Asks: 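Handing you a structure now.
Order of appearance sets the numbers: ligands from 1, and atoms from 1 within every ligand. This structure is a prediction, so every number in the text was calculated from the model and none was measured.
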Amino acid sequence: MIKEKIISAYELMADKYNELIDHKPHNAYYDRPNTLQLLPPDVKGKTILDAACGPGKYAEILISKGATVKGFDISPKMIALAIKRNNSKGEFFVHDFSNHFSMVEDNSCDIVLCALALQYIEDWTFTIKEFYRVLKNSGTLVISIEHPFNDYIFFKSNKYFDIEHVKCTWKGFGQPIEVNSFRRSLGECISPLTDNGFYIDKLVEPKPTKEFEQLDPRHYKELNEFPAFLCIRAIKKKENSIE
Ligand SMILES: C[S@@+](CC[C@H](N)C(=O)[O-])C[C@H]1O[C@@H](n2cnc3c(N)ncnc32)[C@H](O)[C@@H]1O
């Protein structure tokens, strides 16, 4: 099954991912700065759910700024690393975001963050509905995803409008690892949000920071010519205002 393959891939790469995450260019100098700028500037005292938190790097940053963070991930190794990285600050759970978030109450979060993970589920609807349920009214959802136009080219698709199972081999986290995911159209990234109680407040096609250039000039040039990721901020509409 595809899900088992995704879990195995992350279990295999978890230690290396954790070791590299602080400075790996695509994460540290491309995804994180662009995604974090979509969060409110002052997260002190805010309750944040980090969905698919990996080894807890985002949680570490947000906890250091005074936020209360709950994180979950489908990979038990990632969750063990997130607990270790955060010295028992924050709460971390092994959980699949295609299932009911039983550890998170309705209307309890100021912010939900989901970085570089939604590509691992075929149908986003249930997960987005859960993000909606756990957010307070006017709460903020911030996601980063693989850019649908980049995926369309990278995976040599000729069925833009389909949601397609795709796979590729990652070589940046130790031994080569096959990673399975789902590519989708831009519309399939936006309508699960706007059909389920959110409006899009801001959309960023990120550019890498200067630190990226020093570490990886070739990809720095490429990412300045064409985006690999897309960062979106969506706001929960008041429950009685959904059409
Ligand atoms: C590219 S990593 C991103 C980790 C973290 N958000 C970050 O940006 O550092 C993707 C994460 O999604 C997790 N993941 C994949 N499928 C998942 C699912 N169905 N439910 C929860 N987490 C999942 C993986 O285990 C992995 O830790």
Asks: I want to know whether Phe173 and Tyr10 have ring centres closer than 6.0 Å.
Replies: no
Asks: Would you call the rings of Phe72 and His95 parallel, tilted or perpendicular, where under 30° means parallel and over 60° means perpendicular?
Replies: perpendicular
Asks: What's the verdict on side-chain contact (heavy atoms from CB on, under 4.5 Å) for Val204 and Leu230, showing C-alpha distance, side-chain angles and the deciding distance?
Replies: CA-CA 6 Å; Val204 173; Leu230 184 62; over 6 Å; no
Asks: Could you point out which residue of Glu146, Glu205, Lys207 forms a side-chain contact (heavy atoms from CB on, under 4.5 Å) with Pro227?
Replies: Glu205
Asks: With respect to atom 10 (C) of ligand 1, which of Leu116, Asn27, Ile79, Asn99 exhibits the smallest heavy-atom separation?
Replies: Leu116
Asks: Nearest to atom 15 (C) of ligand 1, what protein heavy atom do you find, and at what distance?
Replies: Tyr120 CD1, 3.6 Å
Asks: Give, for atom NE2 of His100 and atom CZ of Arg133, the distance between the pair rounded to the nearest 0.5 Å.
Replies: 4.5 Å
Asks: For atom 13 (C) of ligand 1, find the nearest protein heavy atom and state the residue, atom name and distance (0.1 Å precision).
Replies: Asp73 OD2, 3.3 Å
Asks: Hey, can you tell me if Phe149 and Tyr160 have their rings parallel, tilted or perpendicular (30° and 60° cut-offs)?
Replies: tilted
Asks: Write out the residue and atom name of the closest protein heavy atom to atom 1 (C) of ligand 1, then the distance separating them to 0.1 Å.
Replies: Tyr10 OH, 3.1 Å
Asks: Between Lys3 and ligand 1, find which residue part has any heavy-atom pair under 4.0 Å and reply side chain, backbone, both or neither.
Replies: neither
Asks: What protein heavy atom lies closest to atom 22 (N) of ligand 1? Include the residue and the distance to one decimal.
Replies: Ile74 N, 3.2 Å
Asks: Considering the heavy atoms of His95, write down every atom of ligand 1 situated less than 4.0 Å from one of them.
Replies: 20 (N), 21 (C)
Asks: Determine whether the side chain, the backbone, both or neither of Phe97 has a heavy atom under 4.0 Å from any heavy atom of ligand 1.
Replies: both
Asks: Are Lys57 and ligand 1 in contact, using a heavy-atom cut-off of under 4.0 Å?
Replies: no
Asks: Under 4.0 Å from a heavy atom of Asp96: give me the atoms of ligand 1 that qualify, with their elements.
Replies: 18 (C), 19 (N), 20 (N)
Asks: What is the distance from atom CZ of Phe229 to atom NE2 of His147, rounded to the nearest 0.5 Å?
Replies: 11.5 Å
Asks: Check each of Ala52, Ala82, Gly54 against atom 6 (N) of ligand 1 and report the one with the nearest heavy atom.
Replies: Ala52
Asks: Determine the interplanar angle of the Tyr220 and Phe212 rings, folded into 0 to 90°, and report it as parallel if under 30°, tilted if 30 to 60°, perpendicular if over 60°.
Replies: tilted
Asks: I need the single residue from Arg32, Arg85, Lys89 that forms a salt bridge (Lys or Arg N to Asp or Glu O under 4.0 Å) with Glu60. Which is it?
Replies: Arg85
Asks: Can you find a non-hydrogen atom of Arg32 under 4.0 Å from ligand 1?
Replies: no
Asks: Below 4.0 angstrom from a heavy atom of Ala117, which ligand 1 atoms are there? Numbered from 1 as shown, please.
Replies: 12 (O)
Asks: Any side-chain heavy atom of Lys57 within less than 4.5 Å of one from Asp22?
Replies: yes
Asks: Can you find an N/O atom of Cys53 closer than 3.5 Å to an N/O atom of ligand 1?
Replies: no
Asks: Would you indicate which of Tyr17, Phe173, Trp170 comes nearest to atom 3 (C) of ligand 1 when only heavy atoms are counted?
Replies: Tyr17
Asks: Just distances here: any N/O of Met78 and N/O of ligand 1 closer than 3.5 Å?
Replies: no
